[in-house]
Amino acid sequence: MFNHSFNFIAAITAALMTITPDTVSAQPATETDAFPDAATEQAAASIGIRRYAAYQRLSDIDTIRAYCQFNQTVVTLEQAKFDAIDAGGDEAQITANVTRQQEDLLAAFNRQNGLIDQEYVALSVAGYWPTYCSAFERGWGVFGVHSVGRVERSSARAAEDVIETIFINELQRPSAAAFFNPSQRSAVECQRERYDDKWYVGCRLISMAGASGWRVFLIAESGDERLFFNPINGPSIGLMSEVWPSIPATLRSQINIANYAGARLPISDVLAEFD
């Protein structure tokens, strides 16, 4: 079991190195890299970054994708470590081996992306990289604060119309989600609310016996006027994860599901707007 676990770990490590080969890596910049202006340097310093070369990676999609691969492999290595220990392996030896492999992975990631030491930690937090990882895993898009700020009342109304149509369509056909059970609740109610300069759309199912809880979505709009919606809490995320893959193309072309890469939303306060 011990050898099997470490063969498994080695295979994972080799797979990552194939995906992100050192032969295409950028050389890390020096500590003397100059920022283009004082404002950019101050912005970088505010998140704990002192090198311009590193700061440029904050929103670089290739770096973020590489981070997601790196992070997932580190997590997998940790799980393999615990499995090997639970199977009776030598804890000190197993931990030392996994730690060394994780350090090697980090060194390879840094070489590829021109980073040094733990710069990736500050960048991943400030850039909301885990949000991107979650979106990549689900096959969703990502939008940021600028897209949220573009939304006018008319765009929120258009998003509400599309989301309401999605809910109605799920009620009228066999849905992948048990939530859409017309024998329990057969009508849809939606409304939009503006809170903290952001537009939200909430929808729920209703019947004479009562209503379901609200499923609430943050609305965004890209520079080319494409609409996005982000499920903001567990029930909303779970519902859309179930039904979105089978949503008809005619509806998917009108709005894009995505994660919000921004500061934590005041979910409880937002949900209270729909009560």
Side-chain angles (χ1 to χ4, degrees), residues 125-135 137-138 140-172 175-222 225-245 247 251-252 254-275:
V125 172
Y128 307 103
W129 290 1
T131 297
Y132 283 81
C133 298
S134 173
E137 185 177 349
R138 294 189 175 107
W140 294 3
V142 181
F143 62 81
V145 293
H146 296 300
S147 296
V148 174
R150 289 191 186 99
V151 179
E152 304 281 349
R153 183 180 296 272
S154 59
S155 298
R157 184 184 304 114
E160 179 186 359
D161 289 344
V162 179
I163 296 171
E164 182 175 20
T165 300
I166 289 173
F167 272 59
I168 292 172
N169 185 69
E170 289 301 304
L171 276 177
Q172 293 177 343
S175 175
F179 177 80
F180 293 105
N181 185 344
S183 66
Q184 295 180 351
R185 300 183 179 93
S186 58
V188 176
E189 177 186 18
C190 295
Q191 67 185 57
R192 60 189 178 277
E193 299 286 349
R194 186 169 175 80
Y195 183 85
D196 193 25
D197 295 326
K198 298 178 180 67
W199 279 101
Y200 297 86
V201 168
C203 291
R204 63 180 180 177
L205 304 184
I206 57 175
S207 70
M208 294 295 292
S212 70
W214 290 98
R215 300 301 186 264
V216 179
F217 312 94
L218 173 64
I219 307 304
E221 185 174 2
S222 66
E225 299 184 345
R226 291 182 298 154
L227 291 173
F228 294 84
F229 74 120
N230 165 234
I232 70 168
N233 65 346
S236 305
I237 294 170
L239 182 65
M240 284 299 116
S241 296
E242 288 183 294
V243 304
W244 185 253
I247 296 295
L251 293 174
R252 293 164 68 103
Q254 297 176 56
I255 197 166
N256 301 275
I257 194 165
N259 278 357
Y260 170 53
R264 183 182 297 273
L265 299 171
I267 294 175
S268 296
D269 295 337
V270 172
L271 295 177
E273 295 292 307
F274 290 88
D275 289 337

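Just so we're clear, the structure is a prediction, and the values are computed from it rather than from any experiment.
Taking 4.5 Å as the limit, every side-chain heavy atom of Ile163 sits out of range of all side-chain heavy atoms of Arg215. Ile232 is listed as a side-chain neighbour of Val270, based on a closest heavy-atom distance under 4.5 Å. With contacts defined as side-chain heavy-atom distances shorter than 4.5 Å, the pair Ile206/Val188 does not qualify. Side-chain contact between Leu251 and Thr165 is present, with heavy atoms from C-beta onward closer than 4.5 Å. For the pair Glu273 and Val216, the minimum side-chain heavy-atom distance is 4.5 Å or more. By the 4.5 Å heavy-atom criterion applied to side chains, Tyr195 and Pro266 are counted as neighbours.
With rounding to the nearest 0.5 Å, the separation of SG in Cys203 from CZ in Arg192 is 11.5 Å. Remark: Ile267 CD1 to Leu218 CG distance equals 10.0 Å, nearest 0.5 Å. Taken to the nearest 0.5 Å, the CD1 atom of Ile166 stands 9.5 Å off from the SG atom of Cys190. Distance check, rounded to the nearest 0.5 Å: CH2 of Trp199 to CD of Glu160 gives 9.5 Å. Taken to the nearest 0.5 Å, the OG atom of Ser222 stands 6.5 Å off from the CZ atom of Arg150. To the nearest 0.5 angstrom, Asn169 atom CG is 6.5 Å from Ile247 atom CD1.
The minimum heavy-atom distance linking Glu242 with Ala177 is given by the pair OE1-CB, 3.5 Å. Here the closest non-hydrogen pair linking Arg204 and Ser212 is CB-OG, 3.5 Å. Taking both residues in full, the closest heavy atoms of Pro231 and Ala258 are given as CD-O, 4.1 Å, listed atom of the first, atom of the second, then distance. Closest approach of Gly141 and Ala135 over heavy atoms only: O-CB, 3.5 Å. When all heavy atoms are compared, the tightest approach of Val151 to Ala220 is CG2-CA, 3.4 Å. Considering every non-hydrogen atom in both Ile255 and Ala159, the closest pair reads CD1-CB, 4.1 Å.
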Next on the checklist: Using the rule given for side-chain contact (heavy atoms from CB on, under 4.5 Å), can you reason through Gln184 versus Ser207, listing the C-alpha separation, both sets of side-chain angles and the distance that settles it, and then say yes or no?
Outcome noted: CA-CA 7 Å; Gln184 295 180 351; Ser207 70; over 6 Å; no
Next on the checklist: For Ile257 and Asn230: C-alpha separation, side-chain torsions, deciding distance, then whether side-chain contact (heavy atoms from CB on, under 4.5 Å) applies.
Outcome noted: CA-CA 6 Å; Ile257 194 165; Asn230 165 234; over 6 Å; no
Item to check | Candidate pair Ser155 and Ile219, rule side-chain contact (heavy atoms from CB on, under 4.5 Å), full reasoning | outcome: CA-CA 8 Å; Ser155 298; Ile219 307 304; 5.7 Å; no
Next on the checklist: Assess the residue pair Ser175 and Leu171 against the criterion (side-chain contact (heavy atoms from CB on, under 4.5 Å)); give the C-alpha distance rounded to whole Å, side-chain angles, the decisive distance to 0.1 Å, and a yes or no.
Outcome noted: CA-CA 7 Å; Ser175 175; Leu171 276 177; over 6 Å; no
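When each of Phe228, Tyr128, Phe143 is checked for a side chain to side chain contact (heavy atoms under 4.5 Å, CB included) with Tyr260, only Phe143 meets the rule.
In the model, Glu193 has a side-chain atom that pairs as donor or acceptor with a side-chain atom of Gln191 under 3.5 Å. In this model, no donor atom of one side chain and acceptor atom of the other lie less than 3.5 Å apart for Ser147 and Glu221.
For Phe180 and Phe167, the ring centers are positioned less than 6.0 Å apart. Aromatic pair Phe217/Tyr200: centroids not less than 6.0 angstrom apart. Side-chain rings of Phe229 and Trp244 approach one another, their centers coming within less than 6.0 Å.
Judged purely by atom type and a 3.5 angstrom limit, Asn256 uses its side chain to pair as donor or acceptor with the backbone of Leu227. In this structure a side-chain-to-backbone donor-acceptor pair under 3.5 Å is present from Ser241 to Ile237. Remark: the backbone N or O of Ser183 is paired with a side-chain donor or acceptor of Asn181 at under 3.5 angstrom.
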